[in-house]
2 protein chains.
Amino acid sequence: MKKKIGKKRQITLSDIAATVGVAPMTVSRVLNQNGYVSDETRDKVLSVAKEMNYRRNGLARNLKRQRTETIGLVLGDISNPYSTELARAVRQAATANDYNLFICISEHSAEEDIAAFESLTSHSVDGLIVATRANDAGDEYLKSIVENNVPVVVIGRDFYHENIDYISADNLAGGFEATQHLVDLGHRRIGFIGAAFDQETKLKRLQGYFNALEKHGIEIDERLVTGRREVRSGVPGYSTEEIGYEGMKRLLSLPKRPTAVFARNDFTAIGAMTAIKEASLRIPQDVAIIGFDDIPLASHMSPSLSTVRQPMRLQGQIAAELLLKRIESESFPEREERILNCELIIRESTVSRKS
Amino acid sequence: MKKKIGKKRQITLSDIAATVGVAPMTVSRVLNQNGYVSDETRDKVLSVAKEMNYRRNGLARNLKRQRTETIGLVLGDISNPYSTELARAVRQAATANDYNLFICISEHSAEEDIAAFESLTSHSVDGLIVATRANDAGDEYLKSIVENNVPVVVIGRDFYHENIDYISADNLAGGFEATQHLVDLGHRRIGFIGAAFDQETKLKRLQGYFNALEKHGIEIDERLVTGRREVRSGVPGYSTEEIGYEGMKRLLSLPKRPTAVFARNDFTAIGAMTAIKEASLRIPQDVAIIGFDDIPLASHMSPSLSTVRQPMRLQGQIAAELLLKRIESESFPEREERILNCELIIRESTVSRKS
DNA sequence: TGTTAAAAAGTTAACGATAACACATCCGCA
DNA sequence: TGCGGATGTGTTATCGTTAACTTTTTAACA
């Protein structure tokens, strides 16, 4: 059974104006609190507006004003605390500067990446923060957006453009430190979980791992690097518990298994830990493991997870600041690039507790 | 140093029209692929559009068309896998039906709740899915939105309105089952972590706990119910690892500590587990613990965490479906209410492994 | 060859809001 | 008395697009 038929027309400024007996412009002035309006008129307008349940039409308003006071954030894997912390920080900065934040998710492919850019820019967001992984089609599209003078800032996305600011954690140094830490503990056979050996050549964390091994004269063993092969071309996925679990199983079944493992991120590490425990091996005595990100749960694992902390909030905050600067600047600011330091967090999964 | 001064005007349909030598309407027809256009004109328009890097102005378009093909989703705690799974499901359904999805976060307060509603509705989203916790001011505002004929669906938000569909997991039954499970294992002193005793009286999971105790003639002990008191009025926060950790410490320090604990959600449970381990007590022999949600990590904890699984994706999917139905209906569909079953997942944190 | 319909455009008028300007009053002070 | 500024309000045009209508051209067939 249906209730009423037909949806009513939305209430406009003119409706209020007609009811009160003034010009629409006067109503606009009242509602935007600018220009001169007598107290009497103001009160009347406000009460009528409330009575008619008026809600301003942002489309019309923004069209006329040529700005939306809204910024867009494109996230890849939204399940990742990295993304969510980023989002929170961006939101906070946006709110503090009276900007709204719209978030779009682009999960798997370049098409989704582009769809997200498209839907945000076509809604005329004042600026865009992009935190998805690089892919050719998306990069191409981003470029065309920027060349349409939409301010853009990228976070952790490997993409250079003269008018795009770049922010990232220092994944290269982080990957290096994590591996170095394992080497310092005496490990020589060190695995990497989270990326296929011959793919993701741009993955900085993996490069850091290679660099550290090289520095210490440890030969790189292809079999020790494992991860699910990306099925789709386009945007690479993110590594999960499941991938960590599977990857660890593979590593453990090697003739000469690694004595330590560096996982691409904490989720991957947690999955790997499960596999190690299932094999009745001890962490860290039999296999040491270190993750990346320092998600809140890392310290609650048992054993607690060593990891590399990256400044998640800070990245979001800086991104928002740079974006707002771009938005509010009349001209084109010089490109800024910020690579933020990571911090090695040593816990029980690499060094057994002494007490 | 600045690069160029002044931002160029955006390219419009008329610009293309002028260049090609046709009317703007013809260009519009080409770009929207409707109406008759000769192949020759089409090609010319498309090539000029591409050359000029034309990007349509969605504000103007949507204003004229009176719809945006966009839906809004308001989330509370974005860090929670519950929220993120919801978002993914909603996005999937939206995309499949050619709708965009904008997500807004409302973290702490009624004001933020309202700001999110405001920014989405003022952008004229075609409909709104709300998954934040109920609060008076927000409810009031929601009501006014609905009465402006914006389709709304709420998920897990305790709020009744004739024209708003309601979706939720059966938290009451879930809380009951979790507690019942502990009782079945022989526990009589069962704690609850995640809500203050005298607050959150509407919290269904807590009510389920009370109901189960009552059913088995176990007296409710106020001291066994613990959680951080909400500082702000307005939107209640969510329970976290930290709260679980603190809460468990309090429970363990009681003269007669509980032998089992039901945590409001898995994060809280995980925090509680850390506190239990720190006290050198065994799980589940000394203290059994069960959570709620079944986040992916629950099975990776050690011991693995018993919990109540709620259908996260399904809630999002149904919400999207109901919303799209409302959007596409000319009239007002009858209100729908869907309470989805939860599932008890028994793991090692309540029943020790036999093998 | 004329009639009619389909195809390919163009014209007009909004969508709802506001910037920019114009026009009244009113007040104070030289 | 008059002049300038503050105050209050109205008018006009426009943001960029498209729905609805009109006009012109082409094709099709009796």
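Order of the sequence lines sets the chain letters (A, B, ...), proteins ahead of strands, with each chain counted from 1. In this text, all values refer to a predicted model and were calculated from it rather than measured experimentally.
Defined by atom type and a distance below 3.5 Å, a donor-acceptor pair is present between the side-chain atoms of A:R61 and A:N32. Between the side chains of B:R55 and A:S144, a donor-acceptor pair is found at a separation under 3.5 Å.
The backbone N or O of B:P24 lies less than 3.5 Å from no partner atom in the side chain of B:S28, so there is not a single donor-acceptor pair. Remark: side-chain polar atoms of B:T70 are paired, donor with acceptor, to backbone N or O of B:T68 under 3.5 angstrom.
Residue A:T41 has a polar side-chain atom (N or O) positioned under 4.0 Å from OP1 or OP2 of D:dT9. The shortest distance between the side-chain N/O atoms of B:T12 and the OP1/OP2 oxygens of D:dC15 is not below 4.0 Å.
The CD-P distance, from B:Q33 to D:dT18, rounds to 12 Å in whole Å. Rounded to whole Å, the distance from CG on A:L59 to C1' on D:dC15 is 12 Å. Between the CG atom of B:L31 and the P atom of D:dG16 there is a distance of 15 Å, rounded to whole Å. Going from atom CG of A:N34 over to atom P of D:dT9 covers 14 Å, rounded to whole Å. If you measure from atom CG of A:L13 to atom P of D:dT9, you get 16 Å, rounded to the nearest angstrom. One interatomic measurement links the two molecules: CD of B:Q66 to P of D:dT17, which rounds to 16 Å at whole-angstrom precision. For the pair A:D39 CG and D:dT7 P, the computed distance is 12 Å after rounding to whole Å. Rounding to whole angstrom units, NZ of residue B:K64 and P of D:dA19 are separated by 7 Å.
Comparing B:E40 and B:R65 along DNA chain C, the residue whose closest nucleotide (by nearest heavy atom) sits nearer the 5' end is B:E40.
The six-membered or imidazole ring of A:H123 lies near that of B:F102, with a centre-to-centre distance under 6.0 Å.
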(request) Would you sort out whether A:R157 and A:T132 count as a side-chain hydrogen bond (donor to acceptor under 3.5 Å, both in side chains), showing the intermediate values? (result) CA-CA 6 Å; A:R157 180 186 178 119; A:T132 48; 2.7 Å; yes
(request) Go through the steps for B:Q10 and B:N57 under the test side-chain hydrogen bond (donor to acceptor under 3.5 Å, both in side chains), then give the verdict. (result) CA-CA 9 Å; B:Q10 93 172 90; B:N57 185 317; 3.2 Å; yes
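For A:R29 and D:dG10, a side-chain-to-base donor-acceptor distance below 3.5 Å is present, hydrogens and geometry of angles not being considered.
Residue contacts for B:N32: at a heavy-atom cut-off of 4.0 Å it reaches the sugar-phosphate backbone alone, with no base atom in range.
When DNA chain C is scanned in the 5' to 3' direction for atoms under 4.0 Å from non-hydrogen atoms of chain B, the outermost contacting nucleotides are C:dA7 to C:dG16.
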